[in-house]
Amino acid sequence: MNWRRSSPSIIFHMNISCLSVDGSDAWLGGTVTQSHDESVLPVGTHWFFRVQDNGQGEAAPPDRISYFYYAKDPGICTANYLVALYDWQNGNIVIE
């Protein structure tokens, strides 16, 4: 799976190679394949993050996402670390 994320300060792509799901939470790990600013996110580095699907529709609370955390091995996503989550304003997360 390829994943693209952009922000005002950095644009990068990751090859997601690790996925762990527990209910409405998912942990993903991968390797940066393209980076707009390699001084911040170098190509070839591994990162993991967590997302949370809080349902669909206008009445559902916002989905949530964590910061990205550096990892020596993207397979660390299977540890299911309970890292802090923040409201996601850039789309809809669906975990099925």
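Start at 1 with the first residue, then count along the sequence.
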Trp27 and Leu82: CA distance, side-chain angles, deciding distance, side chain to side chain contact (heavy atoms under 4.5 Å, CB included) verdict: CA-CA 10 Å; Trp27 291 260; Leu82 296 178; 4.1 Å; yes
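- Residue-environment remark: OH (Tyr81) stays at or below the threshold of 12 foreign heavy atoms within 6.0 Å.
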Full working for side chain to side chain contact (heavy atoms under 4.5 Å, CB included) between Ile93 and Trp88: CA-CA 9 Å; Ile93 296 169; Trp88 174 250; 4.0 Å; yes
CA sep, side-chain torsions, deciding dist, call: Gln56, Asn92, side chain to side chain contact (heavy atoms under 4.5 Å, CB included): CA-CA 8 Å; Gln56 312 306 312; Asn92 184 38; 2.6 Å; yes
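- A donor-acceptor pair shorter than 3.5 Å can be found between the side chains of His46 and Thr31.
- Looking only at distances, a side-chain donor or acceptor of Asp63 sits under 3.5 Å from a matching main-chain atom of Asn54.
- Nearest heavy atom pair, residue Ser35 against residue Val32, reads CB-CG1, 4.1 Å.
- Aromatic pair Tyr69/Trp47: ring centres not closer than 6.0 Å.
- Atom CG of Asn15 is separated from atom CD of Gln34 by 11.0 Å, given to the nearest 0.5 angstrom.
- Not one N or O on the side chain of Gln52 forms a donor-acceptor pair closer than 3.5 Å with the backbone of Ala26.
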Derivation and outcome, side chain to side chain contact (heavy atoms under 4.5 Å, CB included), residues Val51 and Leu28: CA-CA 8 Å; Val51 295; Leu28 298 96; 4.0 Å; yes
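- By the 4.5 Å heavy-atom criterion applied to side chains, Asp25 and Arg50 are counted as neighbours.
- Shown here for Gln89 and Pro62, the closest heavy-atom pair between the two residues is NE2-CB, 4.5 Å.
- Annotation: Phe68 is in aromatic contact with Phe12 [ring centroid separation under 6.0 Å].
- A heavy-atom distance below 4.5 Å is found between the side chains of Thr78 and Cys18.
- Interatomic distance, Ser24 OG to Glu96 CD, rounded to the nearest 0.5 Å: 13.0 Å.
- For the atom pair Ile65 CD1 and Leu85 CG, the distance stands at 9.0 Å (nearest 0.5 Å).
- Residue Cys77 holds its SG atom at 9.0 Å from CZ of Phe48, rounded to the nearest 0.5 Å.
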